[in-house]
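Heads up: the structure comes next, in structure tokens.
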Amino acid sequence: MRTGARILVTGGAGFLGSAVCDRLIAEGAQVVCVDNLLTGRRKNIEHLIASSRFTFIEGDVRTDLPEGPFNEIWNLASPASPPQYPADPVGTLLINVNGMHNVLELARRCGARVFQASTSEVYGDPEVHPQTESYKGSVNMIGPRACYDEGKRAAETLCFDYQRTYGVEIRVVRIFNTYGPRMDPKDGRVVSNFVVNALAGKPLELYGGGVQTRSFCYRDDLVEGFFRLMNHPTLTGPINIGNPNEFTIRELADLVLEMTGSTSGLIEKPLPADDPKQRRPDISHARELLGWEPKIQLREGLERTIAHFAGVAAEAKVA
Ligand code: NAD
Ligand code: UDP
């Protein structure tokens, strides 16, 4: 429990950040959420705004962090979907670097423990499979995804330098593809795209023939992993948190069509540049050091996600 703890969450109005805020409020904390609503939505935190323990600041992690003191800072502010990076590549990199720097400076001043939402993208298009935390990665540093990948890599560097130089307590999670309720239907990531299109009777767009693989983690499993690391007395990470069951994107498309009963079918589109060919986390560290492993497999997670998006579509029809 976190009764009375003062906690800052950046990116708290997003898909994952709002789930973190929910759990922190349930544990009795005072939560300040800073989010510029670039990809997050007020709707995700509407139910929390009524709580006297929850404060929302519409602001940028690069310029608008409130002064502490805070016991913990959870840093989730960043664009998170590949189609969003080219909209503002310079901003994508700087949100991660300057935002992380701001968070760590604030933590240094007030003694807060810092959680960093890093990513499997630090491994780039990986030559080691499954990906272990010791793998240094294969990122094309001048490609169109590099603004995100290198931004997250530099953010990890900042975390470890602040720990070594100033003793800031850090907890770094490398998140593998996570999905679930509250994803923005227009976010552009594969699970939301497929489910939204299948429910609307539009064809699912398969990039590059769908032979590339991903391993999909349900949101609630991921958040449990976050809290286990954050609550650990000493472990810094970086630690992989994700579901190690691997699927081709075509398999995912077929499953979504089957589960929604949709006849909308598939169309092929070109593979985006530098799109990783395979991805699957090695979660031995999470299993051994945190006693964590995912409980919700793809079919069950998709059932909940499809039900969520069906509800959103029904609400939109009524409005
Ligand atoms: P999301 O887009 O729903 O959440 C990101 C949030 O950050 C949004 O609310 C957005 O408005 C906010 N934000 C963006 N720029 C900001 C800025 N300059 N200042 C303040 N707020 C800003 O995406 P998500 O999936 O919830 O991702 C949360 C974090 O987890 C991100 O850092 C992302 O890189 C990381 N991550 C997510 C996944 C995944 O599969 N969901 C995988 C790897 C890493
Ligand atoms: N993808 C797809 N159709 C879509 C969206 C994505 O085929 O409508 C593919 C994409 O090319 C990638 C995989 O699905 O290979 C996962 O994409 P996503 O954007 O969800 O995340 P990534 O793992 O690439 O960051």
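When a ligand or atom number is given, it counts from 1 through the structure's own listing order. The residues of the chain are indexed from 1 along the displayed sequence.
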With [X], which of [options] fulfils side-chain contact (heavy atoms from CB on, under 4.5 Å)?
X	options	value
I170	F115, Y162, F160	F160
V31	I25, V20, L8	I25
L158	N98, V97, V103	V97

I'd like to check Q212 versus P276 (side-chain heavy atoms, cut-off strictly below 4.5 Å). Are they in contact? no

Given side chains that start at C-beta, do those of N240 and S120 come closer than 4.5 Å, heavy atoms only? no

Shortest reach to [atom] by a heavy atom, considering only [options]:
atom	options	result
atom 20 (C) of ligand 1	G59, G11, C33	G59
atom 25 (O) of ligand 2	R250, Q278, E268, R145	R145
atom 21 (O) of ligand 2	V196, N177, V191	N177
atom 19 (N) of ligand 1	N177, V61, N102, V191	V61
atom 9 (C) of ligand 2	R214, Q212, Q84	Q212
atom 31 (C) of ligand 1	L76, D60, L94, V9	L76
atom 32 (O) of ligand 1	R42, K152, R62	K152

Is [X] in contact with ligand 1, taking contact as a heavy-atom separation below 4.0 Å?
X	answer
T10	no
G91	no
A13	yes

Which of the atoms in ligand 1, numbered in the order shown and given with their element, are less than 4.0 Å from a heavy-atom of [X]?
X	answer
G40	8 (C), 9 (O), 10 (C), 11 (O)
I95	15 (N), 18 (N)
G14	3 (O), 4 (O), 8 (C), 9 (O)
Y148	33 (C), 34 (O), 36 (N), 43 (C), 44 (C)

Run the salt-bridge test on [X] and [Y] with the 4.0 Å N-O cut-off and return the result as yes or no.
X	Y	result
E27	R53	no
R250	E268	yes
E303	R299	no
K43	D184	no
E156	K152	no
E224	R23	yes
R2	E72	yes
R304	E300	yes

When you measure from [atom] to every protein heavy atom, which one gives the shortest distance, and what is it?
atom	answer
atom 7 (O) of ligand 2	Y207 N, 2.9 Å
atom 10 (C) of ligand 2	D275 OD2, 3.3 Å
atom 5 (C) of ligand 1	S78 O, 3.3 Å
atom 26 (O) of ligand 1	L16 N, 2.8 Å
atom 13 (C) of ligand 2	I249 CD1, 3.7 Å
atom 38 (C) of ligand 1	I175 CG2, 3.7 Å
atom 10 (C) of ligand 1	T39 OG1, 3.2 Å
atom 8 (O) of ligand 2	N193 ND2, 2.9 Å
atom 3 (N) of ligand 2	E205 O, 2.7 Å
atom 20 (O) of ligand 2	V190 N, 2.8 Å
atom 40 (O) of ligand 1	T178 N, 2.7 Å
atom 11 (O) of ligand 1	D35 OD1, 2.7 Å
atom 3 (O) of ligand 1	F15 N, 2.8 Å

Looking at ligand 2, would E121 count as a contact under a 4.0 Å heavy-atom criterion? yes

Should P82 be listed as contacting ligand 2, given a heavy-atom distance under 4.0 Å as the test? yes

Side chain or backbone of [X] under 4.0 Å from ligand 1, or both, or neither, by non-hydrogen atoms?
X	value
Y179	neither
R189	side chain
C217	neither
R41	neither

Please list every donor-acceptor pair under 3.5 Å in which a side-chain atom of residues 190-198 meets a protein atom from a residue at least two apart or in another chain.
unit_1: S192; atom_1: OG; unit_2: R189; atom_2: O; d: 3.2
unit_1: N193; atom_1: ND2; unit_2: G188; atom_2: O; d: 3.2
unit_1: N197; atom_1: ND2; unit_2: P203; atom_2: O; d: 2.9

Is R279 in polar range of ligand 2, meaning some N or O pair under 3.5 Å apart? yes

What are the atoms of ligand 2, with element, lying closer than 4.0 Å to any heavy atom of R189? 19 (O), 20 (O)

For L206, the ligand 2 atoms with a heavy-atom partner under 4.0 Å come out as 7 (O)

Within the 6.0 Å centroid threshold, strictly below: F226 and W292: no

Got a sec, which pairs hit ring pair (Phe, Tyr, Trp, His ring centres under 6.0 Å) with one end in residues 229-285, sequence neighbours left out? none

Can you say whether the rings of Y148 and Y85 are parallel (under 30°), tilted (30 to 60°) or perpendicular (over 60°)? parallel

